[in-house]
There are 2 protein chains.
Amino acid sequence: MANERSKGVDITQQILAHATRLFAARGFVGASLRDIAKAVGIRKPSLLYHFNSKDDLRRGVLASMLAHWNEVVPRLLKAATSGHEQFEAVATETLEFFRADPDRARLLLRELLDRPEEMEPLIESHVQPWTKIICDYIRKGQQQGRVHADIDPEAYIVHMINLMVCGVALQDSITALMPGRPATDEVLPERYVTELLRVARAGLFIDPASARAGIDPPDALPSGVRDSSGDAAE
Amino acid sequence: MANERSKGVDITQQILAHATRLFAARGFVGASLRDIAKAVGIRKPSLLYHFNSKDDLRRGVLASMLAHWNEVVPRLLKAATSGHEQFEAVATETLEFFRADPDRARLLLRELLDRPEEMEPLIESHVQPWTKIICDYIRKGQQQGRVHADIDPEAYIVHMINLMVCGVALQDSITALMPGRPATDEVLPERYVTELLRVARAGLFIDPASARAGIDPPDALPSGVRDSSGDAAE
DNA sequence: CGGGTTGCCTACCGAGTGGTAGATAGCAAC
DNA sequence: GTTGCTATCTACCACTCGGTAGGCAACCCG
């Protein structure tokens, strides 16, 4: 046993991976340390050698997810400040972060339900700054007349995040609402995310085609107010 | 029922109420029978006299919620078939069902995460019929040119349900993203739901003002006709 | 070589879990 | 009174939980 002491993957990373999967699937209290250790292929005390307590493991799993999030942040920042297709880039980049591993969405969702007061500072530090940037983007679009004037930017962003996180977390179970599941298991998720992005665009842009053109990043506003025929704000 | 010989309120209903609250707050495994019994004011074996097992109690809680849902169904049906403001009525009626008791949303969300295969038939039987009705409504609106042609009706509905359920379930924790929380605790939820309904309208209607006018309910056109170029954009 | 560290193990602990057995008290009908 | 039913209780059960104690083998470094 233990011939391969220097296995290719760090045992700590293996523990984090399996813990993430089981926490996401069964919840924190529902996934026992024994089960996690068994999934890794070790005994429970060995697991507790790497993480001092179950709660320590939970924080490690959370930190691991946030570390992955921080990896995509540079691309997100670049996309948010680039000249074109800002909306498309930011939205799809964020969505793909969760789609790449739906356990991230499920884990985040469970933690928000179980420990909202503990998640609040994490949310504020990791995504609050983004909301400000996107709010500026939206308000600029409103000045240019490309974005609905009656948007509440902060609330809009919260709803879009909600849509992405919960949409991915519940994708398997909630698509039971959509008919034609048999034989279309491949294309259904695509329909699902395509419509999600369409809703996001339609909720933002007066002319959805503007989503691809983007909003002029420079502070100038030469583009005239286009097609503001029926502004039915409340 | 309503014999009222023992107590003013049926003890079974008290158990269901407290179990709903604790299951929603801590999850099924996180809420113990002792805690639920203590909340009611009885001992654990007394609770197990009314519900044969913890799983029996869980099914009872679920059945209780579905019973409440069935109470609003007639209003929903009336709203969906009335001549005007169909969209507004159905959307707000559904949203208010969860807003009236956010534990319903949290409970539903947790069950979808914990037991998706068990929730699937419940979803199909209780909300699948509604999606068909609303899909017809959307397709009719597309024929009339009031609704975006590139909507995927089934997917759109799933996203709106997702938005309402998860939006209410996470309202307290997710609004941490929105600044200005202090001193505005009263108006923030209103901003939140107002924007939610705005997103739903904007995702549906080409001219959001149509939401209040509604779509002509009489079948002016044969409903079998599909739109001409309804393929979703990529 | 020998001590120290690392990583994993078996065996065990107290606490808490869902669930059961059986006694008790109130009440209604005969 | 007696019987029977309902609803609650105390006491207890087997089991699982997170966590600890201590031993053991393999490595690193002097």
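No experiment lies behind these values; they were computed from the predicted model shown. Just so we're on the same page: letters track the sequence lines, and every chain starts at 1. Reckoned from all heavy atoms, side chains included, excluding hydrogens, waters and symmetry mates.
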Whole angstroms only, please: what is the [atom1]-[atom2] distance between [X] and [N]?
X       : N      : atom1 : atom2 : value
B:Leu57 : C:dT17 : CG    : P     : 15 Å
B:Ile15 : D:dA7  : CD1   : P     : 11 Å
A:Lys38 : D:dT16 : NZ    : C1'   : 13 Å
A:Arg43 : D:dG22 : CZ    : C1'   : 18 Å
B:Gln14 : D:dT8  : CD    : P     : 10 Å
B:Asp56 : C:dT20 : CG    : P     : 12 Å
A:Asp35 : D:dG18 : CG    : C1'   : 13 Å
A:Ile42 : C:dT10 : CD1   : P     : 12 Å

Checklist entry - Do any of residues 17-34 of chain A sit with a heavy atom less than 4.0 Å from DNA chain C, and if so which? => result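 Within residues 17-34 of chain A, no residue comes under 4.0 Å of DNA chain C.
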Checklist entry - Within less than 4.0 Å of OP1 or OP2 of C:dC8, is there a side-chain N or O belonging to A:His50? => result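 It does, given that an N or O in the side chain of A:His50 lies less than 4.0 Å from OP1 or OP2 of C:dC8.
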Next on the checklist: Check the phosphate of D:dA7 against B:Tyr49, side-chain N and O only, distance under 4.0 Å to OP1 or OP2. Yes or no?
Outcome noted: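 Result: yes.
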Decide, yes or no, whether a salt bridge links [X] with [Y] under the criterion of side-chain N to carboxylate O below 4.0 Å.
X        : Y        : answer
A:Lys132 : A:Glu124 : no
A:Glu118 : A:Arg58  : yes
A:Arg104 : A:Glu111 : no
B:Asp103 : B:Arg106 : yes

Counting side-chain heavy atoms from CB outward, which of [options] is closest to [X]?
X       : options                : answer
A:Lys54 : C:dT20, C:dA11, D:dG18 : D:dG18
A:Leu48 : C:dC8, D:dT20, D:dT10  : D:dT20
B:Lys44 : D:dG19, D:dC9, C:dG19  : C:dG19
B:Ser46 : D:dT8, C:dC9, C:dA21   : D:dT8

Checklist entry - Quick check: does any side chain N or O of A:Glu195 sit under 3.5 Å from a backbone N or O of B:Asp152, one acting as donor and the other as acceptor? => result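 Yes, because the side chain of A:Glu195 sits within donor-acceptor range (under 3.5 Å) of the backbone of B:Asp152.
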Item to check | B:Ala200 backbone acceptor or donor facing B:Tyr156 side chain under 3.5 Å | outcome: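 Between the backbone of B:Ala200 and the side chain of B:Tyr156 there is a qualifying donor-acceptor contact (under 3.5 Å).
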Checklist entry - Which residue, A:Asp136, A:Ile157, A:Ile123, forms the side-chain contact (heavy atoms from CB on, under 4.5 Å) with A:Thr131? => result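 Of the listed options, the one satisfying the test is A:Ile157.
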